[in-house]
Amino acid sequence: MTSAEHRPAAFFDVDNTLTRGTALFRFLAYWYAAQGRPAHDAVRERQRLKAMTTAGVSREETNRAFFRLLAGAPAAEITRLAEDWFRAELAQGCFFHEPVLEALHAHRRNGDLAVLVSGSFPAVLLPVLEHCGAHHLLCTEPEITPVARTYTGRLADRPHQPMIGSAKAGAVRELAAAHRIDLASSTGYGDHVSDAPLLSVTGRAVIVGDDPDLRRLAAHHGWHRLPKAPLPPAVPLPEPNPARPGALL
């Protein structure tokens, strides 16, 4: 620690940094399969969102577009399915990018706070946080109706939404101020150039993988590098049960 009151932290992007693959899309495939929907439905949605990015739509807007898929889904059902999905991923193995997971554990042993910073959402990320023993979660927060407890398809009216790009840096600064984190002695981890604002607010940064823009920044700033996450195995899918509450028939 830098003083009796301040301590360092390690801030981890999740998709393709701490984990292999994109948890949002992997959960989408699991959720659709649980509803009895054909596999190509999830593939089609992923391709649609990728096409938006290719066409120049910002990652912030494609993130919002993903959460529109949740409109009308009961929050409790999504939470339960996300827990089932995560257990299935763990049982299959190969969900985490081991060098980064080992780094997280090393930070915890050294007394650093561990913080997940992700464009994904709590239902998917909380099982990951609990498994890793991370201390805090900064993420995109979809809006949930207060009475019916269903997703609206919009994001909550809160700062730093969605948790992409500069929003990550802003959220990290706020957390640091609230929890007496010394950013100068902290470390950031990320795999995409959109993580650059997050990496830039910490005194030490580690890029994960081969993103060319991040590699240029790493060379300029002297950031460290860990290998790219291997491609994950196929998503383990549940047996369909379209009679579940919230199933889209």
Side-chain angles (χ1 to χ4, degrees), residues 12-19 21-35 37 39-86 89 115-129 136-172 174 190-192 194-195 197-198 235 244-249:
F12 294 86
D13 171 58
V14 176
D15 291 334
N16 296 299
T17 298
L18 181 61
T19 67
T22 304
L24 276 181
F25 290 129
R26 293 178 71 82
F27 171 69
L28 180 70
Y30 189 94
W31 174 36
Y32 277 17
Q35 295 173 357
R37 297 176 65 165
H40 63 74
D41 280 6
V43 172
R44 183 182 63 245
E45 293 296 352
R46 181 168 188 166
Q47 289 174 340
R48 179 178 66 85
L49 294 170
K50 284 189 172 183
M52 291 172 63
T53 301
T54 302
V57 176
S58 70
R59 285 172 69 90
E60 289 84 353
E61 287 307 308
T62 56
N63 188 266
R64 289 180 184 276
F66 176 91
F67 289 109
R68 285 195 284 272
L69 299 174
L70 291 177
E77 178 72 2
I78 293 295
T79 296
R80 185 183 65 78
L81 282 173
E83 291 169 351
D84 292 347
W85 159 77
F86 183 67
E89 293 275 20
V115 184
L116 305 187
V117 190
S118 173
S120 188
F121 68 120
V124 164
L125 292 169
L126 286 173
V128 178
L129 178 143
H136 297 284
L137 173 63
L138 303 173
C139 66
T140 301
E141 299 181 49
E143 183 181 65
I144 298 172
T145 59
V147 178
R149 302 298 297 169
T150 58
Y151 287 95
T152 67
R154 300 183 296 272
L155 300 187
D157 185 16
R158 295 172 188 161
H160 315 305
Q161 296 296 303
M163 194 65 64
I164 303 288
S166 60
K168 288 186 175 184
V172 163
E174 284 192 7
D191 73 295
H192 188 268
S194 63
D195 295 318
L198 163 66
V235 181
R244 284 174 171 169
L248 302 180
L249 301 178

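Heavy atoms only: backbone and side chains are in, while hydrogens, waters and symmetry mates are out.
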4.5 Å side-chain heavy-atom contact, [X] and [Y]:
X	Y	value
K168	D195	yes
L126	F86	no
E143	D157	no
V115	V172	no
V235	F25	no

For [X] against [Y], the heavy-atom pair lying closest together:
X	Y	result
R37	D41	NE-OD2, 3.2 Å
L49	A65	CD2-CB, 3.5 Å
A169	P197	CB-O, 3.5 Å
W31	A73	CZ2-CB, 4.0 Å
A123	Y151	CB-OH, 4.1 Å
Y32	E45	OH-CG, 4.0 Å

- [ ] Classify the side-chain pair T22/D15 by whether it contains a donor and acceptor separated by less than 3.5 Å.
- [x] no
How far does [atom1] of [X] sit from [atom2] of [Y], to the nearest 0.5 angstrom?
X	Y	atom1	atom2	value
D13	L138	CG	CG	12.0 Å
R59	T62	CZ	OG1	6.5 Å
R149	I144	CZ	CD1	5.0 Å
F12	L198	CZ	CG	10.5 Å
M163	L116	CE	CG	11.5 Å
H40	Q47	NE2	CD	11.5 Å

Side-chain ([X]) to main-chain ([Y]) donor-acceptor, under 3.5 angstrom:
X	Y	answer
E141	Q161	no
T19	G21	yes
S120	L24	no
N63	P162	no

Open item on the list: Quick one, L69 with R48, criterion side-chain contact (heavy atoms from CB on, under 4.5 Å). Give me CA distance, side-chain angles, the key distance, then yes/no.
Closed with: CA-CA 12 Å; L69 299 174; R48 179 178 66 85; 3.9 Å; yes
- [ ] Assign the ring pair F121 / F66 to parallel, tilted or perpendicular, where the plane angle (0 to 90°) is split at 30° and 60°.
- [x] tilted
TODO: May I ask you to say whether E61 pairs ionically with R64, meaning some side-chain N is under 4.0 Å from a carboxylate O?
DONE: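 Looking at R64 together with E61, the answer is yes, because their closest N to O distance falls below 4.0 Å.
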